[in-house]
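Here the structure comes first, spelled out in structure tokens, and everything after it is commentary.
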There are 2 protein chains.
Amino acid sequence: MNTLSYGLLSLLAKKSRSGYELMQHIQPFWQAKHSQIYPLLAQLEGLGHVDFVHVLQSDKPDKKVYTITEQGLDALRHWITLPTDDPVTRDELSLKVYSIGLVNQEQARKVLEEREVYYLKKKERFAHLLENLKQGSAKPLDELDIHDPEFGMYVLIHKASMKVDADLVWCEWMKGKLT
Amino acid sequence: MNTLSYGLLSLLAKKSRSGYELMQHIQPFWQAKHSQIYPLLAQLEGLGHVDFVHVLQSDKPDKKVYTITEQGLDALRHWITLPTDDPVTRDELSLKVYSIGLVNQEQARKVLEEREVYYLKKKERFAHLLENLKQGSAKPLDELDIHDPEFGMYVLIHKASMKVDADLVWCEWMKGKLT
DNA sequence: TACTTCATGTAAAAAGTTACATGATTCC
DNA sequence: GGAATCATGTAACTTTTTACATGAAGTA
């Protein structure tokens, strides 16, 4: 049971999903490829933390829809109370800007603008996620509380949005430093 | 040549250092243990990107002080112009807050406060780094430009500080949501 | 015709963490 | 007396990424 396994249980605690869907929905908050997720789901099933049913589809490939068990929910609740690992960020850009004086200004600017495009796309994706959440929610988002099912996603999007905004401000500030 | 290898070259481009020192100085921007760094330094030496000299010490263990070569500098300059990998962040807290409704308010608050302590310590460490940099710099930090040797570290600390501030704001906001 | 999406899986390689190993000095 | 710092290294393990494998439907 590693962190990603608990992450998958977290998603399944809200809604039953296929491995493919889990991969798509966990991406914004924990980068993981399908090749990592499928074996973990098999393992979670072996442990009794999830069940699955085969769902046959005619237009699309068949799928396995996983559901969390009572035992899985217990494991999840316990994991939350355990000390939380420190976050890990690895950003190649940090290592590059440290040596940015080695290249000329045009090249330095290019490096930053490439990253700015990335952050803008990311910001847009979070805006879409928030929009979807708003549509599906009975209450206005800022009135959600800990017991509402949308609460978790709402606070996560807020967290990610604040950080991407900080990143964009830094990019602009940095570009100013180059002129 | 992976990203960490270029990160080590980046540090060595400013100043010759031992493996132990490299480990300490790269930590705030790229998490890596000594067991990963020592083999990479041997590899960089084999490639001709770095040289080293044995430095004998009487009070402390002897060390190997690495210096970047012209070839290493060329490799570094080229790497900067290459497309930059997307940043990777893995934060167990994100996965936990998604399911925070599963535990009671005291437990939820504990999870957040634990993380807040972590961010405050981190903020302090960056404040120290900035203080050290200020001491060793001829110019005021906000007047540094791309050609000053302190520039890279200055902009990195600024980047990290902005993000940790965003994280702290989120923590407070989040704690408000729990009451 | 070629690419993307949906859907699941395995194999191999790379990257990263933890543990083992040694040993002097300094600080509490 | 015990822990932390300095200093380098290897071995084993876990985690993550990339590549291999298949195949139908829809889109450009």
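What's counted below: heavy atoms across the whole structure, side chains too, no hydrogens, waters or symmetry copies. Predicted model, so just to flag it, every value in this text is computed and none were measured. Order of the sequence lines sets the chain letters (A, B, ...), proteins ahead of strands, with each chain counted from 1.
Considering only the side chain of B:Tyr38, D:dG9 comes nearest among C:dA7, D:dG9, C:dG9. Distances were taken from every side-chain heavy atom of A:Trp30 (C-beta onward) to each of D:dT8, D:dT16, C:dT17; the shortest belongs to D:dT16. Side chain of B:Ser18, nearest nucleotide from D:dT15, C:dG9, D:dT8: D:dT8. The side chain of B:Arg90 lies closest to D:dT16, out of D:dC6, D:dA7, D:dT16.
Salt bridge annotation for A:Lys139-A:Asp148: present, with a cationic side-chain nitrogen under 4.0 angstrom from a carboxylate oxygen. Salt bridge present: B:Lys175 and B:Glu113 bring a charged side-chain N and a carboxylate O closer than 4.0 Å.
In this structure, B:Phe52 has its ring center closer than 6.0 angstrom to the ring center of B:His54.
Between the P atom of D:dT8 and the CZ atom of B:Arg17 lies a distance of 13 Å, rounded to the nearest Å. Atom CG of B:Leu22 and atom C1' of D:dC6 are 14 Å apart (whole Å). For the pair B:Asn2 CG and C:dA14 P, the interatomic distance rounds to 10 Å; values are reported in whole Å. Separating the CG atom of A:Leu40 from the P atom of D:dT14 is a distance of 13 Å, rounded to the nearest angstrom. Distance B:Leu8 CG to D:dT8 P: 13 Å, rounded to the nearest Å. B:Leu56 has its CG atom 12 Å from the P atom of D:dT8, to the nearest Å. A straight line from CG of B:Leu41 to P of D:dA7 spans 14 Å, rounded to a whole angstrom. Atom pair A:Asp62:CG and C:dT8:P shows a separation of 9 Å (rounding to whole Å applied).
A:Tyr98 carries B:Lys14 over the face of its six-membered ring, with the cationic atom under 6.0 Å from the centre and within 45° of the normal.
Each of A:Gln36 and B:Glu21 has a nearest nucleotide on DNA chain D; the 5'-most of these lies closest to B:Glu21. Each of B:Val65 and A:Gln31 lies near DNA chain D, and the nucleotide nearest B:Val65 is the one positioned closer to the 5' end.
A sub-4.0 Å separation between OP1 or OP2 of D:dC6 and a side-chain N or O of B:Tyr20 is present. Under 4.0 angstrom from either OP1 or OP2 of C:dA7 there lies at least one side-chain N or O belonging to A:Gln57. At least one side-chain nitrogen or oxygen of A:Lys33 sits closer than 4.0 Å to the OP1 or OP2 atom of D:dT18.
Inspection of the B:Trp170 and B:Glu116 side chains reveals no N or O donor paired with an N or O acceptor under 3.5 Å. If you check the side chains of B:Lys96 and A:Thr84, you find a donor sitting under 3.5 Å from an acceptor.
A side-chain contact (heavy atoms from CB on, under 4.5 Å) with A:Val50 is found for one member of A:Thr67, A:Leu8, A:Leu12 and no other, namely A:Leu12.
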**Study point:** B/S/- contact track for nucleotides 19-28 of chain D, protein heavy atom under 4.0 Å
**Key:** B---B-S---
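What you find for B:Leu76 and B:Ser10 is that their closest heavy atoms are CD1-OG, 3.5 Å.
Within 4.0 Å of A:Gln24, counting heavy atoms only, lie sugar-phosphate atoms of the nucleic acid but no base atom.
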